[in-house]
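To start, the structure under review is shown below, and the notes come after it.
Start at 1 with the first residue, then count along the sequence.
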Amino acid sequence: MKNKFFMLLAAIVLSAVSCFAQTFSIEDDGKWEVGVNTHRGARFPKLHPDGRVWFQFNAPPTAQSVKLSILKSGEEYDMQKDADGLWNVVIPKMEPGNQIYTFNIDGVHFRDPASMPFYTGGITSEFEYPAPDDEYYLRRKDVPCGDVREHYFYSEVAQEFRRSFVYTPAEYEKNPSKRYPVLYLQHGGGESESEWVHAARMNITLDNLIADGKAVPMIVVMNNGFVTRAGQEGQAPRRGAPGAANNAPGGGMPGFASAFGDMLLNEVIPDIDTYYRTIADQEHRGMAGLSMGGMQTKPITLANLDKFSHIGIFSGGLITPEDVNNTPDFKEKVKLLFMNCGSKERPEAMMANQQALNEIGVDNVAYISPDTAHEWMTWRRSFYHFAQLLFKD
């Protein structure tokens, strides 16, 4: 009986020692700063000047295991409870840019309520990790800020009210007689019209470029690329494959671009030209998009070169010599053709296509983002380089 008692006592002590050993603790040296995407009032995630990131999560008391999951790298980190019962982990570094993460609680993933919401394949939590070589998308005190407006209109194509995000440069209200070129900029299959601002910080990038004299002041219009025709069910396919919901005729455009193309050409552009001080001609109008947005940009612009002179496709396919040969007056009408991808995508195909276009006399820019894949850092960089070439001639 006595032996059983001591065995039980030893087990309790060992268990307590084990729990104590796993208790999270860290010395806060006062240098930790709350991440820029952290929600107002929240204290985590935090970034240290040495590159470490500290995550904390208040999981239910019944949680047995909590892990931090980083989407891009696929890495998971075990979290530990602190003395207050909160789960913590400090990781040494992250890849540059905005990184999507979740908390895995006993096999179920949860977004972080401390993170401001982003829309990338649904509502996500994102941490902005510093990118020292890409500070062009950070706000500067000496640079005036342009406006980003929510502009609503009624679409007869979709039979519903729609929303555009419209960027106007900082000087827009100070020069009431000045008119501006317009770029129509499209998101990818996992995003909405908001993410060129929220995730890419396009507006900040353009503010900085304009202030530095590297970009022409312009208006940028961002629309939701998922458009369903009235009376048809379903949304445009997420990956750009033609779908029955949008296969109605549309100037030769494939299904995923047809309904959106009709809305853009017949409703959005006239509406923007009415309510904003645009230079409403082909020479001062461009279109670009990432991934699915690039797949929409290609057929819409090629079928309507009377409306667009500047074309940008980011990780969304290629405009090939065959496309050029099948598009009347391409060489005469297109002032800028810019295509981009990450070095971890298919850069060889893009560079070969650039050479093939050069051989038939088509000037084009092919930009490869170093050490990136199909991600926002690739498209942040692509916009940075593309914007400096727009409307310059």
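Of all heavy-atom pairs spanning Ala356 and Pro321, the tightest one is CB-CG, 3.7 Å. Between Ser65 and Lys67, the shortest heavy-atom contact is OG-CE, 3.9 Å. Closest approach of Arg229 to Ser258, counting heavy atoms only: NH2-OG, 2.5 Å.
Neither Val334 nor Leu389 shares a network with the other; the hydrophobic side chains, linked directly or stepwise wherever heavy atoms of I, L, V, M, F, W or Y lie under 4.5 Å apart, form separate groups for each. Residues Val143 and Tyr167 fall into different hydrophobic clusters, defined by Ile, Leu, Val, Met, Phe, Trp and Tyr side chains chained together at heavy-atom separations under 4.5 Å. In the hydrophobic cluster analysis, where Ile, Leu, Val, Met, Phe, Trp and Tyr join through side-chain heavy atoms closer than 4.5 angstrom, Trp54 is grouped apart from Val36. Linking ILVMFWY side-chain heavy atoms closer than 4.5 Å, directly or via other members, places Leu290 and Val148 in a single hydrophobic cluster. Tyr184 and Met218 fall into different hydrophobic clusters, defined by Ile, Leu, Val, Met, Phe, Trp and Tyr side-chain heavy atoms under 4.5 Å apart, directly or through other members.
Atoms CG and CD1, from Asn223 and Ile272 in turn, are 7.0 Å apart once rounded to the nearest 0.5 Å. In this structure, the separation between CD1 on Ile300 and CE on Met287 is 4.0 Å, given to the nearest 0.5 Å. Taken from OG1 in Thr372 to CZ in Arg381, the straight-line distance is 5.5 Å, to the nearest 0.5 Å. Here the OG atom belonging to Ser194 is positioned 5.0 Å from the CZ atom belonging to Phe165, to the nearest 0.5 angstrom. Lys81 contributes atom NZ, which lies 13.0 Å from atom CZ of Phe57 (distance to the nearest 0.5 angstrom).
At least one side-chain heavy atom of Asp212 sits less than 4.5 Å from a side-chain heavy atom of Arg140. You'll find the side chain of Met350 stays beyond 4.5 Å of the side chain of Tyr367, heavy atoms only. Between Thr378 and Ser315 there is a side-chain heavy-atom pair separated by less than 4.5 Å. Side chains of His48 and Val90 form no contact here, defined as non-hydrogen atoms less than 4.5 Å apart. Side-chain contact between His385 and Asn340 is absent, with no heavy-atom pair separated by less than 4.5 Å. With a 4.5 Å cut-off on side-chain heavy atoms, Met94 and Ile70 count as touching. Gln99 places none of its side-chain heavy atoms less than 4.5 Å from the side chain of Ser73. Side-chain contact between Leu390 and Leu336 is present, with heavy atoms from C-beta onward closer than 4.5 Å.
Atom CD of Gln159 has more than 12 neighbouring heavy atoms from other residues, nucleotides or ligands inside a 6.0 Å radius. Applying the 6.0 Å contact sphere to NZ of Lys93 captures no more than 12 heavy atoms from other residues, nucleotides or ligands. Residue Lys174 places its NZ atom among 12 or fewer non-hydrogen atoms of other residues, nucleotides or ligands, all under 6.0 Å distant. Counted within 6.0 Å of CD on Glu150, heavy atoms from surrounding residues, nucleotides or ligands total more than 12; the atom is thus considered enclosed.
Although no hydrogens or angles enter the test, the distance criterion places a donor-acceptor pair under 3.5 Å between the side chain of Ser343 and the main chain of Asp371. For Glu267 (side chain) and Leu264 (main-chain N/O), no donor-acceptor pair under 3.5 Å exists by modelled atom type. Remark: the backbone N or O of Gln56 is not paired with any side-chain donor or acceptor of Arg43 at under 3.5 angstrom. With Gln282 contributing its side chain and Lys333 its backbone, the two residues share a donor-acceptor pair below 3.5 Å. Proximity of a side-chain donor or acceptor of Asn364 to a complementary backbone N or O of Leu337 within less than 3.5 Å is not detected. When atom types are taken as modelled, the side chain of Gln64 and the backbone of Thr62 share a donor-acceptor pair closer than 3.5 angstrom. Ser164 places no side-chain N or O within 3.5 Å of a backbone atom of Val166 that could act as its donor or acceptor partner. Without hydrogens or angle criteria, Ser291 side chain to Gly188 main chain gives no donor-acceptor distance under 3.5 Å. Side-chain atoms of Glu171 do not come within 3.5 Å of backbone N or O of Pro169 as any donor-acceptor pair. Side-chain N or O atoms of Glu76 include none that pairs as donor or acceptor with a backbone N or O of Leu68 at under 3.5 Å.
Residue Leu86 belongs to no hydrophobic cluster, having no ILVMFWY side-chain heavy atom closer than 4.5 Å to its own.
Taking a cutoff of 4.0 Å between a charged side-chain nitrogen and a carboxylate oxygen, Arg162 and Asp271 do not qualify as a salt bridge. A salt bridge does not link Lys31 to Asp50: none of the charged side-chain nitrogens sits closer than 4.0 Å to a carboxylate oxygen.
Each of Leu357, Ile368, Ile311 was evaluated against Met339; a single residue qualifies, Leu357, per the side chain to side chain contact (heavy atoms under 4.5 Å, CB included) test.
When the ring-ring contact (aromatic ring centres under 6.0 Å, His included) test is applied to His39, no partner is found at least two apart in sequence or on another chain. Judged as a ring-ring contact (aromatic ring centres under 6.0 Å, His included), and not counting sequence neighbours, the contacts of Phe55 are Tyr101, Phe127. Shown here are the salt bridge (charged side-chain N to carboxylate O under 4.0 Å, His left out) partners of Arg149, two or more places apart in sequence or in another chain: Asp147, Glu173. Not counting sequence neighbours, His109 has no partner by the ring-ring contact (aromatic ring centres under 6.0 Å, His included) test. For Asp28, the salt bridge (charged side-chain N to carboxylate O under 4.0 Å, His left out) partners are Lys46, not counting sequence neighbours. Judged as a ring-ring contact (aromatic ring centres under 6.0 Å, His included), and not counting sequence neighbours, the contacts of Tyr154 are Phe161. Looking at residues two or more places apart in sequence or on another chain, you find a salt bridge (charged side-chain N to carboxylate O under 4.0 Å, His left out) between Glu193 and Arg163.
For residues 318-329, the pairs satisfying salt bridge (charged side-chain N to carboxylate O under 4.0 Å, His left out) are Lys298-Asp323, with sequence neighbours left out. Pairs of residues two or more places apart, or lying in two chains, that qualify as ring-ring contact (aromatic ring centres under 6.0 Å, His included) and include a residue from residues 326-352 are Phe314-Phe338, Phe338-Phe386. Counting only residues at least two apart or in different chains, salt bridge (charged side-chain N to carboxylate O under 4.0 Å, His left out) contacts with residues 278-291 comprise Asp273-Arg285, Glu283-Lys335.
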Worksheet item: Can you check side chain to side chain contact (heavy atoms under 4.5 Å, CB included) on Asp112 and Phe103, steps first, answer last?
Response: CA-CA 7 Å; Asp112 186 357; Phe103 293 115; 3.5 Å; yes

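In summary, the side chains of Tyr384 and Asn208 do not present any donor paired with an acceptor at a separation below 3.5 Å, with no hydrogens or angles considered. Between the side chains of Glu126 and Asn98, at least one donor N or O lies within less than 3.5 Å of an accepting N or O.
Within the 6.0 Å centre-distance limit, the rings of His151 and Tyr276 are counted as a close aromatic pair. The aromatic ring centroids of Tyr172 and Tyr180 lie less than 6.0 Å from each other.
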Would you give me the side-chain donor-acceptor pairs under 3.5 Å for residues 196-204, sequence neighbours excluded?
| residue | atom | partner | partner atom | Å |
| --- | --- | --- | --- | --- |
| Trp196 | NE1 | Gln186 | O | 2.8 |
| His198 | ND1 | Glu195 | OE2 | 3.3 |

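Ring geometry for Trp379 against His374 counts as perpendicular: the plane angle is over 60°, on a 0 to 90° scale with 30° as the lower cut.
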